[in-house]
Number of protein chains: 2
Amino acid sequence: MDMRRLVGRNVRKARQAKGLTQEQLAEGAGFSQKYVSDLERGFENPTVITLFELAQRLDTTPVALITPDEEAIREAAKANGPRTK
Amino acid sequence: MDMRRLVGRNVRKARQAKGLTQEQLAEGAGFSQKYVSDLERGFENPTVITLFELAQRLDTTPVALITPDEEAIREAAKANGPRTK
DNA sequence: TGAGTTTATTACCTATAGTTCATAAGGTCT
DNA sequence: AGACCTTATGAACTATAGGTAATAAACTCA
């Protein structure tokens, strides 16, 4: 499970769902636009406090931001091999 | 929401539920006993990758490790003030 | 009491999370 | 074509995640 890419996808989806730009999310949550960009592309390994601050600005929860999405589930299935009970 | 303390409590509960010592969890997950001790007492701010590695050794998920427990819910209620619909 | 096990704590070190400033690249719209 | 908005990327910096080694403090239990 690539946690960086998972969080990146979840953050991008949540941000777009609220119609925010990276700049708006960044300023509202106290980060730089560069960081949001790197984060969404799966280049960052955020801490739980960072997750919490992002979640607040996105009106969601830290749990939602690390919850596996379709992509993560497909990746996990491939990693475990098909037919792993 | 104090994420450090929340994760600390969740890790400690999960570790004790499996009957592991801090040393055993640490070695199994690739950390030091000191780190597990600091983590459980709420002095650390783990990254999502650290959460994932801990979860694997504890046979649980990163989501479970940051899911609010009774204590966190009580704290949150106090912070928002009673009677916040 | 003491030995043995587990957890807490101190001091110091390295790697990296997240920063700023700047610019490039990609869209959209007239 | 341009101006404009948004996202991506580079270099260099500071703060902190997580490391090692050692020791102190707690807690069993014979």
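Just so it is clear: chains get the letters A, B, ... in the order the sequence lines come, proteins before strands, and each one is counted from 1. Keep in mind that the numbers below use all heavy atoms, side chains included, and drop hydrogens, waters and symmetry copies.
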Decide yes or no for [X] and [Y]: does some side-chain heavy atom of the first lie under 4.5 Å from some side-chain heavy atom of the second?
{"X": "A:E75", "Y": "A:D2", "answer": "no"}
{"X": "B:M3", "Y": "A:L51", "answer": "no"}
{"X": "B:V7", "Y": "B:L54", "answer": "no"}
{"X": "A:V48", "Y": "B:L6", "answer": "no"}

Please state how far atom [atom1] in [X] lies from atom [atom2] in [N], giving the value in whole angstrom units.
{"X": "A:L20", "N": "D:dT7", "atom1": "CG", "atom2": "C1'", "answer": "15 Å"}
{"X": "B:R4", "N": "C:dA17", "atom1": "CZ", "atom2": "C1'", "answer": "15 Å"}
{"X": "B:L25", "N": "C:dT6", "atom1": "CG", "atom2": "P", "answer": "14 Å"}
{"X": "B:E27", "N": "D:dT20", "atom1": "CD", "atom2": "P", "answer": "12 Å"}
{"X": "B:F31", "N": "C:dA15", "atom1": "CZ", "atom2": "P", "answer": "17 Å"}
{"X": "A:L39", "N": "C:dT16", "atom1": "CG", "atom2": "C1'", "answer": "15 Å"}
{"X": "A:E23", "N": "D:dC4", "atom1": "CD", "atom2": "C1'", "answer": "15 Å"}

Show the nearest heavy-atom pair for residues [X] and [Y], with the distance to one decimal.
{"X": "A:A26", "Y": "A:V36", "value": "CB-CG2, 3.7 Å"}
{"X": "A:E44", "Y": "A:R4", "value": "O-CG, 2.7 Å"}
{"X": "B:A29", "Y": "B:E53", "value": "CB-O, 3.9 Å"}
{"X": "B:T61", "Y": "B:A55", "value": "C-CB, 3.4 Å"}
{"X": "A:L25", "Y": "A:R57", "value": "CD1-CG, 3.4 Å"}
{"X": "B:A72", "Y": "B:R9", "value": "N-NH2, 3.4 Å"}

Going by atom types only, do B:Q33 and B:Q22 share a side-chain donor-acceptor pair under 3.5 Å? yes

Show every ring-ring contact (aromatic ring centres under 6.0 Å, His included) that has at least one partner inside residues 3-55 of chain A, sequence neighbours left out. A:F31-A:Y35

Name the nucleic acid region contacted by B:S32, choosing base, sugar-phosphate or nothing; use a 4.0 angstrom heavy-atom cut-off, strictly under. base

Check: [Y] main-chain N/O paired with [X] side-chain donor or acceptor under 3.5 Å:
{"X": "B:N45", "Y": "A:I49", "result": "yes"}
{"X": "A:D69", "Y": "A:N10", "result": "no"}
{"X": "B:R41", "Y": "B:S37", "result": "yes"}

Rounding to the nearest 10°, end axes of the helix from C:dT1-D:dA30 to C:dT30-D:dA1 built from five pairs each make an angle of 40°

If a protein heavy atom is under 4.0 Å from the base, mark B; if only from the sugar-phosphate, S; if neither, -; do that for nucleotides 25-30 of chain D going 5' to 3'. ------

Do nucleotides 8-14 of chain C as a string where each nucleotide becomes B, S or -: B if the base has a protein heavy atom under 4.0 Å, S if just the sugar-phosphate does, - if no protein is that close. BBBB---

Quick one: do A:R15 and A:E40 make a salt bridge, cutoff under 4.0 Å? yes

Assign each of B:N45 and B:Q16 to its nearest nucleotide of DNA chain C by heavy atoms, then name whichever residue's nucleotide is nearer the 5' end. B:Q16

Sub-4.0 Å heavy-atom contacts from residues 46-57 of chain A onto DNA chain C, ordered by number: A:P46, A:T47, A:T50

For DNA chain C, what residues of residues 59-67 of chain B have any heavy atom nearer than 4.0 Å? none

